Each structure stands twice: as C-alpha cells, then as structure tokens.
Amino acid sequence: MTLDKNDPAKVFRIKIISMGNSDTGKSCIIKRYCEKRFVQKYLMTIGIDFGVTKVTVGDRDVKVNIFDFAGHPVFYEVRNEFYRDVQGVMLVYDVTNRASFESLDAWIKEMKSELGAKHIAEFDSAYFIVCANKVDKKQARVVDELEGRLWSDARGYPYFETSALNGDGVSEMFKCLFDGVVEAVISGKKPQPIPVQLGYNTEQIEAIKKLKSGRDNYERLGIAQNCTKEDINKAYRRLAVLLHPDKSVAPGSEEAFKILVNARNQLLLNVKQ
C-alpha cells in the first residue's frame, strides 16, 4: 500500500494476510480481535475474506486491511492474486493438528513462488508472526510450545500462543504484528530477524522430547531394562543437570523434570540391586 511516512497526521494503510491450513482458526482469531467475539460454529472461508480495522500505533492512526486466506487447496487460484503488496503475515497453525504445523513451510514457499523473482523483495520486507492457536485445548495438544518456538526462533519470527475461544494472546499478537509492520514502513528497512538468545541448547531440547514421548521409563532415561541402581542414578544425574528448573529456561523443562523424577523413583522401586 502507498503510505505517507513523513506525516504522523496521515492515516497509514497497511495490508495484512493470514495464512495456514483450513480449520486452524484464522478467521476466529481475526473476529476475536476485531469484533471481540468467538464464532462457535465453524464456517469455512470461501476464497478470501476481507476486513478493515483501525488501530493506533504510537502517534499514528493505522487503517489495517486484513485478507483472510482460505486454507483449503481448492482455493489456491484465488489466493495467488493477493500476495502482492503484503506488509504483514500471520502464520497460523492449530496446536491440536500436527499437519497444520508441518505445513507452515509450504505456505511460505507458496507465497515466495507466487511473488516470483521479480517481486521477491516484497517477501523479504514483509513482517511475519507465528500464531499457535487453540492452546485452550490442553488435552488434545500434539504440538508443544517447545517445537513452535524453535521453528519460529530459527526464522526470526515472533511467536505467540493464542486462543480464539477465550482471547488469550490475541491482542498481544496483533499489537506486535502492527507495531512491527509500521516500524518497518517508517524506517524503510526490511524487518531484521529477532536476535535469538534462547538460553538452551539442542541437548536439552532432545532430552525434553525424549522424556515426554518415551514409551516407558527405561526409554525416558535411555537405559537398558537389566540396569542397576547405579545405572539409574547416573542417567538421572546427567538429565537433572540439563533440565533442573533452576538452571534450564527451555520450554517444557519443568514438566520434563517432574517426569524424570517420577521415572527414576519408579525404576528404583523395581530394581533389586
């Protein structure tokens, strides 16, 4: 969109799109923010849904045009007409649907492909944000926060956990998105990847995943079924150093540490030596 960057009195017009698989809650997130309500009945977006909202960023009034993309593949030919002149992108996935998370790269690829080499600068200048939706469905969740943050951090995208149902994280996510877009427009510079200072490493990440997904306590601790008490305690100490909540900031550390303690206690009860 054409913006008057030098006059704060002028209204900015920015273009935002939402991308993600069908039924990830893209429309519901937008309605939650714009209309302060949750749409209980699921209605699939047909092609492109369009909405306008006004916000204030700093001392500037901003008119936001939001293009809500239908996620179903059948609407590909409709979507590809709207990738031009995009300044902000919401990448949305459903934490209860792993396929929607694994499709994020395909959505980015589609946008790049439709813009083509001639307009790739528009992709590079767009401000992306990742929205992990439906976090209210704790029991059905299959993509944990750790995975979502790692994917986002690796690309320099801000990450938010949201619930269109109760509104958690929605306002914060949109504020970050609008602030990021406007700052990029005013500065005339493409958004820089967020400096990633995770404070945790791959070894910790793998340990958390193993503890949370292990089929039994032997697999969780990485020891054989004919192990001794010494083997159990040695494995415990190694993992405790990595994951103790007082020392580890990796998402999921606290839960993984509880699993570790319980696994060790159960194994010690079963070992005769």
Side-chain angles (χ1 to χ4, degrees), residues 20-21 23-25 92-105 130-155 157-170 172-173 194 196-273:
N21 283 9
D23 198 24
T24 55
V92 183
Y93 71 92
D94 174 358
V95 299
T96 71
N97 185 325
R98 176 162 292 279
S100 70
F101 173 65
E102 294 174 347
S103 295
L104 293 181
D105 282 313
V130 177
C131 183
N133 195 36
K134 303 189 184 181
V135 295
D136 51 279
K137 298 184 176 182
K138 293 180 173 60
Q139 300 303 317
R141 185 167 188 163
V142 295
V143 182
D144 62 24
E145 182 182 355
L146 176 64
E147 288 184 275
R149 285 195 181 277
L150 286 173
W151 190 91
S152 304
D153 289 342
R155 293 157 180 80
Y157 300 160
Y159 171 89
F160 285 86
E161 301 224 312
T162 64
S163 168
L165 177 65
N166 58 37
D168 286 353
V170 174
E172 295 83 355
M173 183 270 293
I194 298 171
V196 178
Q197 297 177 337
L198 298 177
Y200 50 91
N201 55 41
T202 303
E203 189 177 10
Q204 289 172 304
I205 294 163
E206 292 304 320
I208 292 170
K209 288 182 178 180
K210 193 170 184 179
L211 282 163
K212 294 175 73 172
S213 64
R215 291 170 295 181
D216 56 43
N217 289 331
Y218 295 102
E219 186 173 295
R220 293 185 182 102
L221 268 68
I223 53 180
Q225 294 193 12
N226 60 349
C227 62
T228 64
K229 287 186 177 181
E230 183 180 353
D231 294 330
I232 295 170
N233 286 324
K234 184 177 179 180
Y236 169 80
R237 286 193 294 270
R238 180 182 65 81
L239 292 169
V241 168
L242 287 173
L243 303 176
H244 196 285
D246 290 344
K247 298 181 179 179
S248 174
V249 296
S253 293
E254 186 172 349
E255 180 186 355
F257 187 75
K258 290 178 181 178
I259 295 172
L260 171 63
V261 172
N262 182 66
R264 175 211 187 193
N265 292 341
Q266 292 297 319
L267 287 172
L268 287 174
L269 288 174
N270 296 331
V271 175
K272 298 179 180 179
Q273 302 178 49

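What you are looking at is a predicted structure, and each value in this text was computed from that prediction instead of being measured.
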Residues passing the salt bridge (charged side-chain N to carboxylate O under 4.0 Å, His left out) test with Lys137, sequence neighbours excluded, are none
How far apart are the closest heavy atoms of Arg98 and Val142, and which atoms are they?
NH2-O, 2.9 Å
Heavy-atom distance under 4.5 Å between the side chains of Leu211 and Phe257, does that happen here?
no
Which residues pass the side chain to side chain contact (heavy atoms under 4.5 Å, CB included) test with Asn265, not counting sequence neighbours?
Val261
Is the shortest heavy-atom distance from the side chain of Asn133 to the side chain of Thr24 under 4.5 Å?
no
Which residues pass the side-chain hydrogen bond (donor to acceptor under 3.5 Å, both in side chains) test with Glu203, sequence neighbours left out?
none
For Ser253, the side-chain hydrogen bond (donor to acceptor under 3.5 Å, both in side chains) test, sequence neighbours excluded, returns Ser248
Quick one: CD on Glu161 to NZ on Lys134, what's the gap to the nearest 0.5 Å?
14.5 Å
Scanning both residues in full, the closest heavy-atom pair of Gly148 with Tyr93 reads CA-OH, 3.4 Å
Please list, chain by chain and in numerical order, all residues satisfying salt bridge (charged side-chain N to carboxylate O under 4.0 Å, His left out) with Asp216, sequence neighbours excluded.
none
Return the set of residues passing side chain to side chain contact (heavy atoms under 4.5 Å, CB included) with Asp144 (not counting sequence neighbours), or none when no residue passes.
Leu146, Glu147, Lys212
Closest approach of Ala207 and Leu243, non-hydrogen atoms and distance?
CB-CD1, 4.0 Å
Go through the structure and list residues passing side-chain hydrogen bond (donor to acceptor under 3.5 Å, both in side chains) with Asn97, not counting sequence neighbours.
none
Filter on ring pair (Phe, Tyr, Trp, His ring centres under 6.0 Å), then keep only pairs touching residues 215-235, sequence neighbours left out; what's left?
none
Taking only residues two or more places apart in sequence or in another chain, which ones pass side chain to side chain contact (heavy atoms under 4.5 Å, CB included) with Glu172?
Phe160
Could you check whether any side-chain N or O of Ser100 sits under 3.5 Å from a backbone N or O of Asp94, counting only pairs where one atom can act as donor and the other as acceptor?
yes
Gln204 side-chain N/O to Leu242 backbone N/O, donor-acceptor pair under 3.5 Å
yes
CG on Leu260 to NZ on Lys210, rounded to 0.5 Å:
12.0 Å
Sub-4.5 Å side-chain heavy-atom contact between Asp105 and Arg155
yes
Distance in Å, Leu165 CG paired with Asp136 CG, rounded so as to fall on 0.5 Å steps
4.5 Å
What pairs of donor and acceptor atoms, side-chain ones from residues 232-240 against any protein atom, are under 3.5 angstrom apart with sequence neighbours left out?
unit_1	atom_1	unit_2	atom_2	d
Asn233	OD1	Arg264	NE	3.1
Asn233	OD1	Arg264	NH2	3.2
Asn233	ND2	Lys229	O	3.3

If you round to the nearest 0.5 Å, how far is CG of Leu267 from OG1 of Thr228?
11.5 Å
CD of Glu219: more than 12 outside heavy atoms within 6.0 angstrom?
yes
How long is the straight-line distance from CE of Met173 back to CG of Asp168, given to the nearest 0.5 Å?
12.5 Å
For Ser103, side chain to side chain contact (heavy atoms under 4.5 Å, CB included) partners two or more places apart
Asn21, Trp107
A side-chain contact here means heavy atoms from C-beta on lying under 4.5 Å apart; do Asn270 and Gln225 qualify?
no
With a 4.5 Å heavy-atom cut-off, do Asn217 and Ile259 have their side chains touching?
no
What one should report as the nearest heavy-atom pair of Arg149 and Glu145 is NE-OE2, 2.6 Å
Sequence-distant partners of Glu206, salt bridge (charged side-chain N to carboxylate O under 4.0 Å, His left out), two or more places apart
none
